Amino acid sequence: MASSPVLATSLPQKQLTTSSSVATAGGSRHPPPEQLAILLDKSDSVDLVKRIHAAILRRNLFLHPYHPVLNLKLHRAYASHGKIRHSLSLFHHTIDPDLFLFTAAINTASTNGLRDQAFLLYLQLLSSGIVPNEFTFSSVLKSCSAQSAKAIHTHVLKLGLGLDPYVATGLVDVYARGGDVVSAQKVFDRMPERSLVSSTAMITCYAKQGNVEAARVLFESMPETERDIVSWNVMIDGYAQHGFPSDALMLFQKLLAKGKPKPDEITAVASLSACSQIGALESGRWIHVFVKKSRISVNVKVCTALIDMYSKCGSLEEAVSVFNDTPRKDIVAWNAMIAGYAMHGYSQDALRLFDEMQGKAGLQPTDITFIATLQTCAHAGLVKEGVRMFESMGQVYGIKPKIEHYGCLVSLLGRAGRLKQAYEIIKKMEIEADSVVWSSLLGSCKLHGDFVLGKEIAEYLIERNITNSGTYVLLSNIYALVSDYEGVAKVRSLMKEKTIVKEPGISTIEIDDRVHEFRAGDRNHLESKEIYTMVRKMSERIKSSGYVPDTNAVLQDLEETEKEQSLEVHSERLAIAYGLISTKPGSPLRIFKNLRVCSDCHTVTKMISKITGRKIVMRDRNRFHHFVDGSCSCGDFW
DNA sequence: GCAGGGAAAC
């Protein structure tokens with residue numbers, strides 16, 4: 001097999017003329033090709049690789065029978081030093097590359113995100129008549145799409161490589177990426193022996209489709225001594241990303257208790273995400289300290305996860321401090337910080353950062369940046385700025401608005417009372433409105449008392465089945481507000497008929513590293529008795545300060561006093577009561593609610609902040625409320 | 001020459 005000289009175009013000219021150092025490094029003036037190969041394997045700098053490359057060219061070694069091996073090593077050496085273009089150009093300048101070089105090139109392309117190129121190389125290999133082997137398949141599978149997976153699977157079977165552990169794992173992985181659990185499962189089940197890696201791929205597959213239980217069963221079936229950090233990470237992240245953040249943290253603690261394998265930066269990112277979701281600030285801080293002292297690389301992704309965690313756990317100051325110390329901030333880090341300011345209601349800072357990001361940092365905003373900035377305009381009631389921002393997306397930045405952006409725009413206009421305009425936008429937009437967008441407008445109708453439009457929309461939605469539990473609740477609220485109890489009853493029976501369950505409101509509070517969870521009226525907490533005593537005490541005190549319960553927020557068909565009682569035990573009130581009895585007087589409380597805080601609880605929390613002199617930070621589904629001395633940072637506009 | 005894991009969001 002002949003090899004061509006590698007063209008020098010991709011290399012600086014200087015490298016081609018100075019090569020004496022290679023001779024020195026090799027110990028003789030002209031080290032034999034075999035020795036150059038050893039040097040390449042051990043090369044610790046690109047410079048050395050380039051010098052060896054130059055020596056090969058200068059000495060016409062491409063004519064040498066050993067050249068294919070040398071060429072392959074050269075390819076790998078460039079790739080291992082991150083010189084992907086060099087290594088691929090080396091391949092492209094080789095005449096009649098053999099299976100080894102093909103496979104290496106496919107692997108280089110695959111592992112460096114050049115998926116199309118990897119696939120093209122595979123096709124080129126087939127058309128040149130070379131028969132791929134198990135190495136080739138495991139390399140090409142990494143970058144192949146779900147559609148081409150079937151075709152490659154067929155090639156694999158034809159060549160009898162279906163049971164090779166590496167190939168099978170690659171197949172599980174590719175099906176997992178395409179969300180095809182059935183095919184992944186089939187390949188996995190046929191493997192003669194499950195390896196650690198194939199099981200991990202299968203766990204990832206289960207987790208990706210939200211089947212956390214199947215993932216857990218497989219994870220637990222793996223021998224404990226075998227589990228490495230990757231398998232722990234996929235399980236922790238699987239929990240964190242699919243609605244089980246507490247389980248994610250418990251698993252993380254279990255890992256720490258075992259002492260090995262050692263957590264890495266990915267473990268940190270997954271666990272921090274879990275903290276963000278449940279507002280576990282103390283746990284998040286602990287992970288921050290842990291990361292710093294355990295030589296885990298504090299890279300931009302870890303920093304971003306920290307910024308997100310601190311923001312979502314209510315400590316914007318710490319988020320800002322991490323952001324300021326983040327090296328080489330990328331767009332994701334900026335987005336996280338802008339979103340942090342936005343959710344805390346600091347619109348001026350969010351918009352300032354938006355400018356700085358483009359000016360000082362020279363980064364282009366993405367569609368996600370606009371979600372945050374539009375949201376901040378909506379929260380602050382900056383209608384003109386928000387509309388201008390929305391228009392600039394397409395006109396200035398060439399970003400096509402998605403449903404999320406329309407959602408922000410509708411909420412921006414709706415909150416500002418421009419209901420008709422918001423309605424027009426929904427009707428005119430080229431994407432079909434989803435239930436989130438409609439709920440937002442419906443919420444605005446309720447806020448501004450436009451019951452005619454509200455009812456019209458709600459009925460339209462129910463007729464077309466574009467609903468979620470929130471739409472029904474809002475519709476019922478709207479009926480209740482105009483005292484149309486027949487309407488309320490109608491909605492209730494509709495919900496029963498369609499078995500639509502109102503998403504339960506859950507509030508959490510973290511006390512001494514532990515997250516305590518409350519649902520409305522629940523008495524599961526160990527200190528339940530004391531909590532309810534405090535709830536009643538607070539009720540009396542706010543009533544004597546003039547509080548009148550807003551019973552319109554109650555959906556059930558109850559007597560007025562029963563409605564009041566049902567408000568009294570809303571999850572946020574239980575969480576606040578627990579916070580009051582289990583922390584020092586004067587210390588701030590941080591409460592997290594999975595839904596939006598209801599207007600009655602908002603009023604009550606304002607009053608409690610005044611009476612107790614406590615700062616109460618409450619995160620709801622949309623944003624943060626900072627209650628201080630009887631008023632809220634949202635300005636009662638949320 | 002080969003396999004599995006991560007951050008921002010209406």
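Computed from a prediction, not measured in an experiment: that's the story for all the values here. Here is the naming used below: chain letters follow the sequence lines, and residue numbers restart at 1 for every chain.
- Residue A/Lys402 has no polar side-chain atom (N or O) positioned under 4.0 Å from OP1 or OP2 of B/dC10.
- Within the 4.0 angstrom heavy-atom criterion, only backbone atoms of the sugar-phosphate kind lie near A/Gln375; the bases stay farther away.
- Contact annotation for A/Ile403: base contact, defined as any heavy-atom pair under 4.0 Å involving a base atom.
- Here A/Lys329 lies out of heavy-atom contact (under 4.0 Å) with every strand.
- Contacts of A/Leu171 with the nucleic acid, taken as non-hydrogen atoms under 4.0 Å apart, are absent.
- Remark: A/Lys254 is not positioned above the aromatic ring of A/Phe252, lacking an NZ or CZ atom under 6.0 angstrom from the ring centre and at most 45 degrees off the axis.
- At a threshold of 4.0 angstrom between heavy atoms, the contacts of A/Asp434 include nucleobase atoms, whether or not backbone atoms are also involved.
- Here A/Val230 lies in heavy-atom contact (under 4.0 Å) with a base.
- Of the candidates B/dA3, B/dA7, B/dG6, B/dG6 carries the atom nearest the A/Val302 side chain, counting heavy atoms from C-beta on.
- Across all strands shown, A/Asn622 has no heavy atoms under 4.0 Å from either base or sugar-phosphate atoms.
- With distances taken from any side-chain atom of A/Asn335 to the nucleotides B/dA8, B/dG4, B/dA3, the minimum falls on B/dA8.
- For the pair A/Lys312 and B/dA9, the criterion of a side-chain N or O lying under 4.0 Å from OP1 or OP2 is met.
- Between A/Trp232 and A/Phe219, the distance from one ring center to the other falls under 6.0 angstrom.
- Just one of A/Phe370, A/Tyr397, A/Tyr406 meets the ring-ring contact (aromatic ring centres under 6.0 Å, His included) condition when paired with A/Phe390; it is A/Tyr406.
- Note on A/Asp330: a base of the nucleic acid sits closer than 4.0 angstrom, heavy atoms only.
- With distances taken from any side-chain atom of A/Asn107 to the nucleotides B/dA9, B/dG1, B/dG4, the minimum falls on B/dG1.
- The side chain of A/Leu196 has B/dG4 as its nearest neighbour among B/dA7, B/dG4, B/dC10.
- No side-chain donor-acceptor contact under 3.5 Å links A/Ser273 and A/Asp308.
- In this structure, A/Ser195 reaches the bases: a heavy-atom distance under 4.0 Å links it to at least one base atom across the strands shown.
- Checked against a 6.0 Å centroid threshold, the rings of A/Phe102 and A/Phe91 count as neighbours.
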